[in-house]
Amino acid sequence: MSRQEELYLVLQEKTAIIFKYLIKNGANPRDAEDIIQEALYKFILYIDSVDPNKAYSWLFRVAINQYYDLCRKRKKK
């Protein structure tokens with residue numbers, strides 16, 4: 001298995017956990033998918049500066065912050 005395939009499997013597993021966490025905290029499934037997609041995009045952009053040992057924590061924090069931002073935007077409307 002190549003390194004890219006390993007990374008894909010790990011990210012798939014971790015994003016499933018984050019997805020469930022977002023749903024548990026009140027996000028609808030569509031918003032949770034969008035949040036995870038944006039977090040993964042940022043992860044790919046900044047992959048060189050993210051410590052591999054803290055990649056899951058980084059990804060989790062980015063997703064949660066995006067969810068909070070979404071909640072704040074909706075509260076203003």
Side-chain angles (χ1 to χ4, degrees):
M1 185 180 303
S2 73
R3 183 179 160 109
Q4 289 177 343
E5 290 171 331
E6 288 178 23
L7 178 62
Y8 174 77
L9 291 174
V10 170
L11 287 176
Q12 190 175 24
E13 177 186 328
K14 299 302 183 184
T15 55
I17 294 168
I18 296 170
F19 179 83
K20 290 176 186 174
Y21 183 83
L22 290 169
I23 297 296
K24 179 180 152 189
N25 282 300
N28 65 46
R30 185 172 179 194
D31 287 339
E33 288 173 356
D34 290 344
I35 289 167
I36 289 172
Q37 183 177 7
E38 186 66 27
L40 285 170
Y41 174 73
K42 288 183 179 182
F43 178 74
I44 292 168
L45 281 178
Y46 299 110
I47 196 164
D48 293 335
S49 63
V50 176
D51 180 0
N53 297 324
K54 298 179 182 179
Y56 173 63
S57 300
W58 187 92
L59 192 62
F60 189 84
R61 176 52 43 199
V62 169
I64 296 304
N65 286 343
Q66 288 181 322
Y67 175 63
Y68 292 156
D69 289 345
L70 179 66
C71 289
R72 279 192 289 272
K73 287 178 186 176
R74 288 193 174 155
K75 188 175 181 181
K76 287 181 181 180
K77 290 183 179 181

Kindly indicate, with the supporting measurements, whether the criterion side chain to side chain contact (heavy atoms under 4.5 Å, CB included) is fulfilled by I18 and Y56.
CA-CA 10 Å; I18 296 170; Y56 173 63; 4.1 Å; yes

Taking N25's backbone N and O only, do any of them form a donor-acceptor pair with Y67's side chain (distance below 3.5 Å, no angle check)?
yes

Do you reckon V10 sits in the same ILVMFWY cluster as L59, going by side-chain contacts under 4.5 Å, direct or chained?
no

Applying side chain to side chain donor-acceptor pair (under 3.5 Å), can you list everything that pairs with N65, at least two apart in sequence or on another chain?
R61

Per-pair distances, 0.1 Å, donor-acceptor, side chain in residues 37-55, under 3.5 Å, sequence neighbours excluded:
from	atom 1	to	atom 2	distance (Å)
S49	OG	Y46	O	3.0
D51	OD1	N53	N	3.1

For F19 and P29 the tightest heavy-atom approach is CE1-O, 3.6 Å

Salt bridge (Lys or Arg N to Asp or Glu O under 4.0 Å) filter on D69, not counting sequence neighbours, yields R72

Working to the nearest 0.5 Å, report the span between OG1 of T15 and CD1 of I35.
13.0 Å

Contacts of R30 meeting salt bridge (Lys or Arg N to Asp or Glu O under 4.0 Å) (sequence neighbours excluded), chain-then-number -> none

With sequence neighbours excluded, give me every salt bridge (charged side-chain N to carboxylate O under 4.0 Å, His left out) pair touching residues 13-25.
none

L22 vs I36, side chain to side chain contact (heavy atoms under 4.5 Å, CB included): CA-CA, chis, key distance, verdict:
CA-CA 9 Å; L22 290 169; I36 289 172; 4.2 Å; yes

